[in-house]
Q: 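Below are the structure tokens for one structure; questions will follow.
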Number of protein chains: 2
Amino acid sequence: MGVIETAIDTIKQMIIDGELRPGQKLPVEKELAEQLGVARNTLREAVRALIAMRVLQTRQGDGTYVTSLSPDLLLDGMSFVADIHLDAGAGEFLHVRRILEAEATALAATRIPDADLAHLGDLLDEAERLPTQTTIDHGKLVALDQDFHSLIASHCGNAVLAAVIQNMSGRTVRARIWRGMSDPEAVQRTLREHRAVHRALLARDADRARLHAALHVLGVEESLSGSRPFAGNRGDGA
Amino acid sequence: MGVIETAIDTIKQMIIDGELRPGQKLPVEKELAEQLGVARNTLREAVRALIAMRVLQTRQGDGTYVTSLSPDLLLDGMSFVADIHLDAGAGEFLHVRRILEAEATALAATRIPDADLAHLGDLLDEAERLPTQTTIDHGKLVALDQDFHSLIASHCGNAVLAAVIQNMSGRTVRARIWRGMSDPEAVQRTLREHRAVHRALLARDADRARLHAALHVLGVEESLSGSRPFAGNRGDGA
DNA sequence: CGAGTCATATTCATCGGATCAATCATGGAG
DNA sequence: CTCCATGATTGATCCGATGAATATGACTCG
């Protein structure tokens, strides 16, 4: 195994063993490099890898710190994975999202505060006020959609579950889904499904919430796979 | 944003845009560095970060290549996240695993080939033959456990789902779970649950398989949270 | 002519050092 | 005591050099 890989694993193990704790400052580059027996430049590449996976964080002029290591932070690299598989694996990601989101919505039914339920209603109101005749403001719709699902997931009582859902469909995927809804009717149907989920949550009915959430994601899956094979096949060219 | 972050995102975007495809060779370090307008060492740190997330792969003396980008490859960094949260968030990871594994097992009930069903039976036979009286071979049990669940998940027909499940509990987590089973009875119970899942799969009964899989993971959750608060609290010392 | 072998070139891996930039700590001025 | 300037600390970026692994092409031998 390469020197850098070894350095990465050593630092990882120091964290797993509790030798390095969240928020703690690491030794300065020069010192840590000597401690691990590698050159400073080599250590930097190891640290850089851990920064990329949100394990470490550096502040120039100050030092290098261990992040909070919270699941939502560490799992947010997954959205890139989802983005890469726009073409082939989008359906598989959506299927996982359907499974998780159904359960998370059911869990949220008995956990989400009234204030946030009201806020969900506001989001739906805002989405429905957007003009859907000719020019659909996809950017705004995507943002509202993301807020809607994100707010529900965040109240499922499980931070890991919420984080995985959040990252199961990255920005690119979500944007593409809404962009595919050139048909205003499809947009309306999606908003109706959101309403149904909201009503189930208002009734604090976990089973109904689960069903409507699953149905909603399933609708997206089917609209992607079956309906319009013409949508966006730009092939491989530029 | 830093120079390196920019370089990372640029390469990422090149992949998302299809400019770089799986298996394709990147320009040599010197050339790519000039193309991105950074020093070679800086580019190396960007490449190193992408290597850490399994997006790129280098072969000394040959070049740098884009990996297959398959979900199981890209998602396997998640196991480290699970390993980090041994103490606090183990239950939350297990809950997600329960949700996903129940569904994956149900899906596998109608998809797994007969040959693999037989192989599952062999794994269970082998586990039951292990002596459980005094010295429990945890390493072997962990390996068999991992093989059992992994084989089922791999036949759910969804590579993303299988990959997420696979990484939802890393090696460290799984080892700790089994190590916690100092009671031979707990081991026996776990093996009985495996048998139940296997029987449901043999009967090609998706509903039964889903229930038994969920119950199995739930049992692990409950044994971790409720039963023995004395287990392994070595605190923060060495 | 074909297969195996070896020298060479290419490429990444690692290292050490140099310079710049951001932040912090210290001490003095008001 | 507060505010600000200055130097010290630390990471960011860059450059160049050497080592190690691989591929490529030429060469030899059968």
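Quick note on labels: first sequence line is chain A, next is B, and so on, each numbered from 1.
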Q: Give a yes or no on whether a donor-acceptor pair under 3.5 Å exists between the nucleobase atoms of D/dA12, that is its base, and the side chain of A/Gln60.
A: no
Q: Between A/Val28 and B/Glu45, which residue's closest nucleotide on DNA chain D lies nearer the 5′ terminus?
A: A/Val28
Q: Whole-Å distance between D/dA12 C1' and A/Ile51 CD1?
A: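 Interatomic distance, CD1 of A/Ile51 to C1' of D/dA12: 10 Å.
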Q: Is A/Thr58 close enough to D/dG11 that one of its side-chain N or O atoms is under 4.0 Å from OP1 or OP2 there?
A: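 For A/Thr58, the contact criterion (side-chain N or O under 4.0 Å from OP1 or OP2 of D/dG11) is not met.
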Q: Carefully, step by step, assess A/Met53 and A/Leu50 under the rule side chain to side chain contact (heavy atoms under 4.5 Å, CB included).
A: CA-CA 5 Å; A/Met53 53 181 86; A/Leu50 291 169; 4.0 Å; yes
Q: When you match B/Asn41 and B/Gly61 each to their closest nucleotide on DNA chain D, which lands nearer the 5' end?
A: B/Asn41
Q: Any salt bridge linking B/Arg48 with A/Glu5? Criterion: basic side-chain nitrogen under 4.0 Å from a carboxylate oxygen.
A: yes
Q: For the pair made of CZ in B/Arg44 and P in D/dA12, what is the distance, rounded to whole Å?
A: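 Going from B/Arg44 (CZ) to D/dA12 (P), I get 17 Å.
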Q: For B/Lys30 and D/dC15, what is the distance between atoms NZ and C1' respectively, to the nearest whole Å?
A: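 In whole Å, D/dC15 C1' lies 12 Å from B/Lys30 NZ.
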Q: Tell me which of A/Asp62 and A/Glu5 sits closer to the 5' end of DNA chain C, going by the nucleotide each one is nearest to.
A: A/Glu5
Q: Earliest and latest nucleotide of DNA chain C, 5' to 3', sitting under 4.0 Å from a non-hydrogen atom of chain B?
A: C/dT10 to C/dG16
Q: Using the ring of each side chain (for Trp, its six-membered ring), is B/His85 parallel, tilted or perpendicular to B/Phe93, with breaks at 30° and 60°?
A: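 Ring orientation of B/His85 relative to B/Phe93: tilted.
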Q: Please say whether more than 12 non-hydrogen atoms of neighbouring residues, nucleotides or ligands are located less than 6.0 Å from NZ in B/Lys30.
A: no
Q: So, does A/Thr64 get its side chain near the phosphate of D/dG11, meaning an N or O under 4.0 Å from OP1 or OP2?
A: yes
Q: Flag the pair A/Glu126 and A/Lys140 as a salt bridge only when some basic side-chain nitrogen lies within less than 4.0 angstrom of an acidic carboxylate oxygen.
A: yes
Q: For A/Ser169 and A/Arg174: C-alpha separation, side-chain torsions, deciding distance, then whether side-chain hydrogen bond (donor to acceptor under 3.5 Å, both in side chains) applies.
A: CA-CA 6 Å; A/Ser169 55; A/Arg174 209 174 278 268; 3.0 Å; yes
Q: Separation of B/Glu34 atom CD from D/dC15 atom C1', in whole Å?
A: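 Whole-Å distance recorded here is 13 Å.
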Q: Relative to each other, are the rings of A/His194 and A/His216 parallel, tilted or perpendicular (30° and 60° limits)?
A: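 Taking A/His216 first and then A/His194, their aromatic rings stand perpendicular (interplane angle over 60°).
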Q: Using atom CZ of A/Arg59 as one end and atom C1' of D/dG11 as the other, report the distance to the nearest whole Å.
A: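 About 12 Å, once rounded to whole Å.
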Q: Measure from CZ on B/Arg40 to C1' on D/dT18 and round the result to the nearest Å.
A: 11 Å
